[in-house]
Amino acid sequence: MRYRYIAIRLLQTVPVLFGVSVVVFIIIHSAPGDPVVNMLGIEATDENVAQIRQAYGLNDPLYVQYANWLGGILQGDLGQSLTQNRSVTALIASRLPATLFLAVASMLIAVVIAIPAGIISAVRKGSASDYGVTLGALTGISIPNFWLGLILILLFARTYNVFPPGNYVPPSEDPVAAIRHVALPAITVGTAFAALLARQTRSSMLDNLNQEYVKMAKSKGLGSRKIFVRHALKQALLPVITVAGLQFGYLLSATVVVEQVFAWPGMGRLIWSAVQQQDYPTVQGTVLVVATLFVLINVIVDLTYSYLDPRVSAS
Amino acid sequence: MSGENPTGGSAGTDDSAGQTADESTKPESPTGFRRTWRGFRAHGLAVAGLVVVSVVTLVGIFSYVDDAFLGNSLITSVYYSPFAPEFMPLQGPSMAHPFGTDTLGRDVLARTIYGAKVSIQVALTAVLVAASLGSPLGVVAGYLGGTVETVVMRTVDVMLGFPALVLAIGLVAALGFNLTNVIIALGIVYVPQFARIARSTALSVSNEEYVDAAKALGYSTPHIVFREVLPNCISPLLVQASLLMAFAIIAEASLSFLGLGVQPPTPTWGQMVSDGSGYLTSAPWISLFPGAAIFVTVLGFNLIGDGLRDALDPRESAERRF
């Protein structure tokens, strides 16, 4: 049963990913202006332009271009960057680790802060700490991340020299330095994420604390700590996992902006510079990879959920 | 309508016999709007949010008025001094320049006021575009079901396959960086959010008795969809709209911050924060004030959204999507 669910869930992503690739292709190809002229500059002769158009297959009908592009993707070839003398795949491969490192670090920080905060807030509903968590979460959701990043740099890097203002160090080279350098960007990205998780933890904890089985456990005379850990917490964390997965898209969106603040050499900066330079193959490839990553993470979340709660895959 | 409505003593005239239906029901139980407003008002923070948003909107409108009727005179004469004889860049906050001046000697307060206009304009229009495209789509999908539902919801799934801001960046990259295109991009990005909620609400509304009654009376499908089902899906859509206003403001500011939004010389909050990022230690006010404006405005919309949600449907969970 479970394997069948996994197979079905994986198969379901195929049309979504196909749709995503079509959307990316259509968006980029609806861009006005001729990318070849942009690439060669205004001094390009007509022959030059024609040559390049031929070489890049830009004279083919759109569906042929799409089919070629898709064929390439399936073989791991996302095309050639127009501005840098490298393949888009190589560019992405060089940038992806920095983004993933930042995303994972942000997620860890968010989880470590949010889940205990959400639990305390729910268990002590109406208390000062509940009020504090609720208000803190609201602030976390409302604060623009790029501004928060600048404030953190101003406070912790410039005024008090606690953490360096970004600059990626690969964890494989120097783990300690890597953690120090990722601290500020990860706090920046993680804040809003933590706020969302804390809210979700609080509300699903409250739902569960009011459930029959918790009341039942209480009436059986079980200690409140036991009830809490064995019954309420386990159930309450299920929706939190879902939200964490769904919000991973937010995390990726946030890294695009925050990478700019901290000069973080990840996918976000790659998309940004490609957009600035009208390097359409790179924009196309990076957006596709980010979206694919997001879709796949949602699948993993769904599968984790079904593992933790077998009722899901049975239905 | 009812011109003979008593001015003060409503309790005195209690001859309900000859009254029309809508007059007799009004004083008894509060209407949906009144009940909502009562619930909303009980939420102290929500009212604070409404006040904040109103102030920011008025400030935005003020800059329109200044543009249209005062020829920028007010702002120019009091605050705006790009080519003033005493060119004073990077001045800290003072009486003359409460928020300080930027690298070109422009008044940060005046530019922050102008930024309110762009922010509110973009967010409001984008959310309206998204709501007016997404809600009917979702309602039609939910009510009709079948192939229509499959097509709409699979498209929604694909759109939700993109992180919102990444899709917005892709769209402005293709369309070009200006006000209209930022609105179009954010409008498109938020369509699925409305479609999803409209569909799930429409699914439950479709089973209500008044929809069956409308069917039995032989009303056409468009009539039922748009006159019966859609109006009854408004509450969750309204909550979604106010929360999306908050996201749209952050998204617009993020695009501007990245230089992919509304272009200079039109001042936007995101752009101003970015301008000041190179002068963090020497002139922090350039970034701090417009950033605080974004923060306060977004907070306001979030408070309104939370208040509306509690007032309209206390059961709905806090789950949201970026």
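In what follows, every chain begins at residue 1, and chains take the letters A, B, ... in the order their sequences are listed. In this text the structure is predicted, and so the values were computed from the model without any measurement.
- With rounding to the nearest 0.5 Å, the separation of CG in L160(B) from CG in N298(A) is 9.5 Å.
- By the 4.5 Å heavy-atom criterion applied to side chains, L260(B) and Q276(A) are counted as neighbours.
- Heavy-atom distances place no part of T13(A) under 4.5 Å from chain B, backbone and side chain included.
- Residue A168(B): no heavy atom, backbone or side chain, is found under 4.5 Å from chain A.
- Contact of A246(B) with chain A is not made at all, since no heavy-atom distance falls under 4.5 Å.
- Heavy atoms of other residues, nucleotides or ligands lying less than 6.0 angstrom from CZ of F156(A) number 12 at most.
- When heavy atoms are compared at a cutoff of 4.5 Å, I271(A) approaches chain B solely by way of its side chain, counted from C-beta outward.
- Ranked by heavy-atom pairs under 4.5 Å with chain B, the list V261(A), T139(A), N145(A), L17(A) is led by T139(A).
- Of the residues considered (I250(B), V296(B), L167(B)), I250(B) shows the highest number of contacts with chain A, using heavy-atom pairs under 4.5 Å.
- Ranking F248(A), W272(A), F18(A) against chain B, the residue ahead of the rest is W272(A), based on heavy-atom pairs under 4.5 Å.
- In this structure, no portion of F301(B) lies under 4.5 Å from any heavy atom of chain A.
- Side-chain contact between F162(B) and V23(A): present, with at least one pair of heavy atoms (C-beta onward) separated by less than 4.5 Å.
- Residue contact with chain B, scored on non-hydrogen atoms closer than 4.5 Å, is absent for I297(A).
- S30(A) OG to L175(B) CG: the interatomic distance, rounded to the nearest 0.5 Å, is 6.0 Å.
- L303(B) and L138(A) make their closest contact through CD2-CD2, 3.0 Å (heavy atoms, listed as atom of the first residue, atom of the second, distance).
- Taking chain A as the reference chain and counting heavy-atom pairs below 4.5 Å, the highest number among L171(B), T297(B), L255(B) is found for L171(B).
- Counting heavy atoms from C-beta outward, V287(A) and I169(B) have side chains that stay 4.5 Å or more apart.
- Taking both residues in full, the closest heavy atoms of V166(B) and S253(A) are given as N-OG, 4.0 Å, listed atom of the first, atom of the second, then distance.
- Ranked by heavy-atom pairs under 4.5 Å with chain A, the list G170(B), A253(B), G270(B), G176(B) is led by A253(B).
- A291(A) approaches P163(B) most closely through the heavy-atom pair CA-CD, 4.2 Å.
- From S277(B), atom OG reaches atom CD1 of I153(A) across 8.5 Å, with rounding to the nearest 0.5 Å.
- Counting heavy atoms of neighbouring residues, nucleotides and ligands inside a 6.0 Å radius, atom OH of Y279(B) does not exceed 12 of them.
- A donor-acceptor pair under 3.5 Å is absent between the side-chain atoms of W147(A) and the main chain of V273(B), judged by distance alone.
- Only the side chain of I151(A) comes within contact range of chain B, with at least one heavy atom under 4.5 Å from a heavy atom of that chain.
- Counting heavy-atom pairs under 4.5 Å between each of I28(A), V295(A), L251(A), V257(A) and chain B puts V257(A) at the top.
- F257(B) and L150(A) get closest at one heavy-atom pair: CE1-CD1, 4.5 Å.
- The two residues V20(A) and G161(B) have their closest heavy-atom pair at CG2-CA, 4.5 Å.
- Nearest heavy atoms, Y131(A) versus L45(B): OH-CD1, 4.4 Å.
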